[in-house]
Structure formats: C-alpha cells, structure tokens
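Throughout, numbering of the chain's residues begins at 1 and tracks the sequence. As the structure lists them, so they are numbered: ligands from 1, and atoms in each ligand from 1.
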Amino acid sequence: MSQEHERILRRIDSYRDEMVEALKDIIRIPAISPDYGGEGEKRKADRIKKIVESWGFDSIEEINAPDDRAEGKVRPNLLLSYGKQERKVWIISHMDVVPPGDLAKWSITSPFEPIVKEGKIYGRGSEDNGQSLISSLFAAKALIDERIDLKRSIGIILVSDEETGSKYGLDYVLKTRPDLIKPSDLVLVPDGGIGDGSFIEVAEKSILWLKFIIEGKQVHASLPDKGFNAHRVGASLASNLDRILSNTYTMEDKLFEPPRSTFELTMARSSSDSPNIIPGRYEFVLDARVLPNYRLDDVMEKINTYVKFIGDMFEANINGEKYPKIRIEVLQRSDAPQPTSPESDVVKILRSAIKLVRGIDTRVGGIGGGTVAALLRKRGIPAAVWSTIDETAHQPNEYAKIDNLVSDSKVFSLLPIL
Ligand SMILES: [Zn+2]
C-alpha cells in the first residue's frame, strides 16, 4: 500500500464518530415512498445537502422528478461530484426506505429512533441503504480533505424511489440526463452483498412473478357434480407447471447461485372457508428466476400453452357455463440484461480495493435479481453491486455495523485513485 493510500484510510478512520452521527441523522427522517403512503425523500435530501454543503464538492445538483403525492411535490435525486477528470467513478445509493412493518417486532429500538448497540446502528434504512450512502459521502470527503490527485473523478448519486421501481429515481435521472454516465465510466451500486464483503454481484436472473386465477363454481362438497372444483384444476396446474418448467429450463451457469433457473410456487389461496365447501376460486403464485440465456417471452409461451392444455383437459359445462376459466396476472416482470463482465475495469479495480482494505479475495457472481444496476446494464454501462452487510434489510431490527460503515468507505475512497 502506498503512503497516499495509507493517508486516505487513516483520514477515514478519523471520521468514524462523525459517520455514525450522520447515519443516525438520516435514519431519523423516514423517506418512505408515496406508493407506501409515505412522505417521499425531500426532507432527507435537504438534510444531506446541509451535511455536505461545506465539504468542497465541485458541484451539488438536484434532479427533481415531479410527484404531486410527495412532500414538496418532488422526488429529489442528488448529484455530487468532485474532480476534473473526464472518466468518472460513480457510486449510486438510494435515500428511500421501506416501511417499518410490524412495530411490535422492533425490540431494540423504534424504526426511526436510531441507537448504537454493540458496534451496530439500529433503525429502518440503516443497512438499506443508509450505510453505503454515508460511506460514499465520506469517501469523497477524504479525497477532498487529503487533496489527493485523482485518476478518475468521483460522482455520487443519491436516488429516490429505489424500493418501488425507480421511476422517479435512477430511471428518471438516466432519461433526463442520458449522457451523464458513460459506458467507459465505472459504476458501483453498493446495495447488496454479504457479511464478509467477499461477494461482488455482476449479473442477475430475469424475474417473473405470475398469479394464476382459476374460476370454478362453488357448491356443497357432498354434491360435486352441481359445481366445479377450482382447487382441483389449480392443484394440478401448479404441480405440473412446477415439474415441466424445471425439466425444460435446465441450463446451468456457474456465475449464479443456485446455477440454474428456479421456479417456485409461493402463495396459494382457495375461496373455500369450510371443509365441506368446494371452492369456486383458487389462486396460486409462481416466482420464476430465469437465467439471462433464456428469454422470458419463451417461458411465457410455454406456460400459456400448458394452461390451455390443462383448461381443455378439465373442461366441463355446468348449467350452460364453460369451466374452468383460467387467467394469468403478471405481478412483476423484469428481463435480465447482459451481465457486467468479470473482466471489466469496475470489477478489477473494486477487487484490488477490497484486497487492499480487507485483505480478502472476492468471488464474482450473479444473484436472483433486483437492484438499480440492471437499469445501467440495460444501457450497456457496466455496473457492479457490492457492499459489506449482514443482510438485515427490510426486516425488523435492521442494523448496520459501524466497522462496515468505515471499512466500505475506505474501499470506495480507493476507486478513483487505483
Ligand atoms: Zn436497497
């Protein structure tokens, strides 16, 4: 490690208490999406601007997506940059948090009253995504304070609306400023990872959530011929789809864990609320995570064909009505972009930064999906997802480890200079 590197890392150590206070500060401001009935991110963005205004960034910009439902009628996105170099390192975190869920399960503290206990900061949004947000800001502060010569400029983007689709967040930023991030830039999305920091995510599977709704005719169970049992059709459809999809999409890719496409039956509900009532309606949900080598259109076609087959097989006419009626509702669909190459600069530089700071080797791979990195990969911009977290996001008693807050900031600070 060079002397310059050591200076930077020492500088970040000296921020430790300030970083903890800053993270607690932003946890106190909820920033929940109006989609969840929340207030939006305006107050949090204003608070962050206040924290960093005197630090010496070259520019602090706000890209506001209009949203009448939110406080201030906008969903703010903050853009902070430092350095004169053409090529940039971008670190993208999000300001919004998910709702606290069942308050009774928050046994350590209330969601928006952060406390420090045994080296951890507890509160909603502490890990997701407050830790990385604060780490990225203080990484830039260290570069500014130490007047380090950069190889690449540093750009920090703090987006809104990550938890509910990014329409007012990164998607809005990329649409209104299409030239902001260039394919030659390095992009890190520190919004995923594992407890020892040894995993870098570069790829994701496509996601398809389908709800199957089968309509029959409710009737007393002692007289089944007078009705039509929706559960029978649903159970048969579900178990056969389960088998057929797993047997059709068998390709494996070692980048992913597990290495194959997965098709999991999750929720199921029957309209019957009594042992002796044949249900007139049955629903189940399929969660499919498909390797990027397959097209979701093909998967959908396969499913539609099979739904038709089952429908024909069970077809019956009850009092002039044809049953079953089967509908498919798409709850979520996200077609995976091409993975970021494990040989791309962002991955290579990130790996050496992690090695320098943590002394560990990293594994590069894919996950089941869903960060804003996909929006960048779709535009041909290589993006890596990495942070060091215990994966407590979206849970009660969510926390961030202070050691990770500081140590990840050190990794971020090396990206513009390695
Ligand atoms: Zn997140």
Side-chain angles (χ1 to χ4, degrees), residues 22-23 26-27 29-36 38-41 44-45 48 65 75-78 90-101 111-112 114 120-137 139 156-174 187-195 197 199-205 207 289 332 334 336-337 340 350 366-378 383-401 404-405 408-409 411-412:
L23 179 49
I26 63 164
I27 291 170
I29 309 171
I32 293 168
S33 162
D35 291 322
Y36 289 134
E39 57 287 282
E41 301 84 355
K44 186 175 280 188
I48 292 167
R75 311 291 296 279
N77 297 283
L78 293 180
W90 296 97
I91 304 176
I92 305 176
S93 315
H94 62 88
M95 297 184 282
D96 58 315
V97 303
V98 292
F112 301 109
K120 298 165 182 161
I121 302 166
Y122 287 87
R124 174 56 85 226
S126 53
E127 174 187 299
D128 184 17
N129 199 203
Q131 174 187 313
S132 293
L133 189 160
I134 295 299
S135 293
S136 67
L137 292 175
I156 292 173
I157 307 181
L158 308 179
V159 294
S160 286
D161 194 29
E162 190 275 341
E163 299 289 0
T164 43
S166 291
K167 181 180 161 205
Y168 303 95
L170 188 61
D171 204 31
Y172 185 83
V173 173
L174 295 173
V187 184
L188 175 65
V189 178
D191 192 16
I194 60 173
F199 180 69
I200 299 172
E201 185 254 288
V202 291
E204 52 199 271
K205 294 176 182 172
I207 300 181
R289 316 259 161 162
Q332 183 174 233
S334 154
T340 293
L350 181 59
I367 56 163
T371 70
V372 295
L375 294 173
L376 298 154
R377 292 181 189 136
K378 270 176 194 151
V385 176
W386 175 84
S387 62
T388 313
I389 50 174
D390 283 354
E391 300 182 78
T392 62
H394 300 208
Q395 295 170 32
N397 300 325
E398 177 182 351
Y399 67 78
K401 277 189 181 147
N404 292 336
L405 177 70
D408 281 10
S409 184
V411 172
F412 299 167

Can you give me every donor-acceptor pair (side chain of residues 156-163, partner residue at least two apart or in another chain, under 3.5 Å) with its distance?
residue	atom	partner	partner atom	Å
Ser160	OG	Glu41	OE1	3.2
Ser160	OG	Pro76	O	2.5
Asp161	OD1	Thr164	OG1	2.5
Asp161	OD2	Ser166	N	3.3
Asp161	OD2	Lys167	N	2.9
Asp161	OD2	Tyr168	N	2.9
Glu162	OE1	His94	NE2	3.3
Glu163	OE1	His394	NE2	3.2
Glu163	OE2	His394	NE2	3.3

Checking Asp96 against Ser33 for the side chain to side chain donor-acceptor pair (under 3.5 Å) test, could you report, in this order, the C-alpha distance in whole Å, the side-chain angles of both residues, the deciding distance, and whether it holds?
CA-CA 7 Å; Asp96 58 315; Ser33 162; over 6 Å; no

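Residues Asn404 and Ile389 form no side-chain contact, since every pair of their non-hydrogen atoms from C-beta on lies 4.5 Å or further apart. At a threshold of 4.5 Å between non-hydrogen side-chain atoms, the residues Pro100 and Ile32 count as touching.
With sequence neighbours excluded, no residue satisfies side chain to side chain donor-acceptor pair (under 3.5 Å) with Ser136. Listed by chain and residue number, Lys105, Trp106 satisfy the side chain to side chain contact (heavy atoms under 4.5 Å, CB included) test with Pro396 (two or more places apart in sequence, or in another chain).
Distances from the Zn ion (ligand 1) under 2.8 Å pick out these protein N/O/S atoms: His94 NE2, Asp128 OD1, Asp191 OD1, Asp191 OD2.
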